[in-house]
Amino acid sequence: MEFDETVYVEAPQGQGNLMFSDEKQQARFELGCSMMVYKWDALDIAVDNQWGGPESAEKRDWITGIIVDLFKNEKIVDAALLEETLLYAMVDEFDTNVEDDSALPIATGIIQVYKDCAAQNYQIVEQLYLEWQSKEKNKPQRVIKVTGDDESSSDEDDEDEEYMNGATGEDTHMHYEEIDVDMENDKSRSEPIVDDDGFELVQKKGKRRN
C-alpha cells in the first residue's frame, strides 16, 4: 500500500488553527493521535529497550503531545510535516535514525483520524483503542539480565527480578498500563481523562523539550 505524504488537513476559513471547538471531537482526535503514535513499531521497540533512558515511556507521550500541538497551532498540517516531526523526535529523544519509511503510515493515519473526527466518525479511533488494549493484554514481559561484578547468586536473582519490561522496579508500569487508576484516589498523576462514552484521553506530560 502506498502512503501519500502530500495529504493534508486545513482549518476552516476564519479559524486560526485545526483544534476542534467541540470537546468530544478534540478528545477523540487526541486519543486517536496517541493510539497512532503507540502503533509505531519503531518507537515501541525504542521504548521497550529504553533507548531514551528511564523516561522512555514519558518521551513517547511527549511525542504525542507535540503532534497534537501542531494541530493546535497550525492552519494546515500535512503528512510530510508529521513524518518529519516523528523522525526528528526519534533522533532527539532516542538517538535513533529510522530509515524504513515506517513513520509515513503513522503520519497519514493521523491525518485520516483527524478527517474522521471532523466528520464525527469515531470508528477508526475506537478500533485503534481496541487494538491497543488487545496488544497490551497479550504483550509478553521482557526480562533483561544485568551482568556486572561477581556477587552471590541470590543477589543476582534479586537484580534480575527488578529488571522487568526493560526498567527498574519503579518504572515497570508503562503509561498506558496506568489508565485504570481511579482519578479520585490518585490526582497526583496526569492520567487520561475519561469522557461520557468511556474513552480515555492521554494527556501529554511535562513541557516541551528544547
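The structure displayed is predicted, hence computed values, not measured ones. All values below were derived from every heavy atom in this structure, side-chain atoms included, with hydrogens, water molecules and symmetry-related copies excluded.
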**Message:** Other residues, nucleotides and ligands only: do more than 12 of their heavy atoms fall within 6.0 Å of CD on Glu10?
**Reply:** yes
**Prompt:** Does the side chain of Lys72 reach to within under 4.5 Å of the side chain of Gln26, using non-hydrogen atoms?
**Reply:** yes
**Heavy-atom side-chain contact between Asn17 and Gln15 under 4.5 Å** = yes
**Prompt:** Does the side chain of Val77 reach to within under 4.5 Å of the side chain of Tyr114, using non-hydrogen atoms?
**Reply:** no
**Asked** So does Asp100 have more than 12 non-hydrogen atoms from other groups sitting under 6.0 Å from CG?
**Response** yes
**Asked** Counting N and O atoms only, with roles assigned by atom type, does the side chain of Ser134 sit under 3.5 Å from a partner on the main chain of Leu130, one being a donor and the other an acceptor?
**Response** no
**CD on Gln25 to CE on Met19, rounded to 0.5 Å** = 11.5 Å
**Item:** Results of side chain to side chain contact (heavy atoms under 4.5 Å, CB included) for Gln112 - residues two or more places apart only
**Value:** Lys115, Asp116, Ile124
**Asked** Are any side-chain N or O atoms of Asp78 and backbone N or O atoms of Tyr8, one a donor and one an acceptor, separated by less than 3.5 Å?
**Response** no
**Message:** Measuring from atom OG1 of Thr96 to atom CG of Leu87, what distance do you get when rounded to the nearest 0.5 angstrom?
**Reply:** 11.0 Å
**Fill in**
When every non-hydrogen atom of Ser102 is compared with those of Ala42, the smallest separation belongs to OG-CB, 4.1 Å
**Asked** In Å and rounded to the nearest 0.5 Å, what is the CD to CD distance from Glu58 to Glu93?
**Response** 11.5 Å
**Asked** Is it true that a side-chain atom of Thr108 and a backbone atom of Leu104 form a donor plus acceptor pair closer than 3.5 Å?
**Response** yes
**Prompt:** Taking the side chain as C-beta and beyond, is there a heavy-atom pair between Leu86 and Ile63 under 4.5 Å?
**Reply:** yes
**Item:** Under 3.5 Å: donor-acceptor pair, side chain of Asn97, backbone of Glu99
**Value:** no
**Request:** Kindly indicate whether the side chain of Met36, heavy atoms from C-beta on, has any atom under 4.5 Å from the side chain of Leu82.
**Result:** no
**Asked** Any side-chain heavy-atom pair from Leu128 and Tyr38 closer than 4.5 angstrom?
**Response** no
**Prompt:** Testing Asn73, Val68, Val9 for side chain to side chain contact (heavy atoms under 4.5 Å, CB included) with Leu18, which one passes?
**Reply:** Val9
**Complete:** Taking every heavy atom of Phe94 against every heavy atom of Gly52, the minimum-distance pair comes out as CD2-N, 3.3 Å
**Fill in**
CD1 (Ile106) and OG1 (Thr85) are apart, to the nearest 0.5 Å, by 14.0 Å
**Item:** Nearest-0.5 Å distance that lies between atom CH2 in Trp62 and atom CD in Glu55
**Value:** 12.5 Å
**Asked** Once the angle between the rings of Phe71 and Phe29 is folded into 0 to 90°, is it parallel (under 30°), tilted (30 to 60°) or perpendicular (over 60°)?
**Response** perpendicular
**Item:** 4.5 Å side-chain heavy-atom contact, Glu83 and Phe3
**Value:** no
**Request:** Write down the atom of Cys33, the atom of Ile67, and the distance for their closest heavy-atom approach.
**Result:** SG-CG2, 3.3 Å
**Check: Trp51/Ser56 side-chain N/O donor and acceptor closer than 3.5 Å** = no
**Item:** Leu43 vs Met90 side-chain heavy atoms within contact, under 4.5 Å
**Value:** yes
**Message:** Let me confirm one number: the CD-CE distance from Glu131 to Met35, rounded to the nearest 0.5 Å.
**Reply:** 10.5 Å
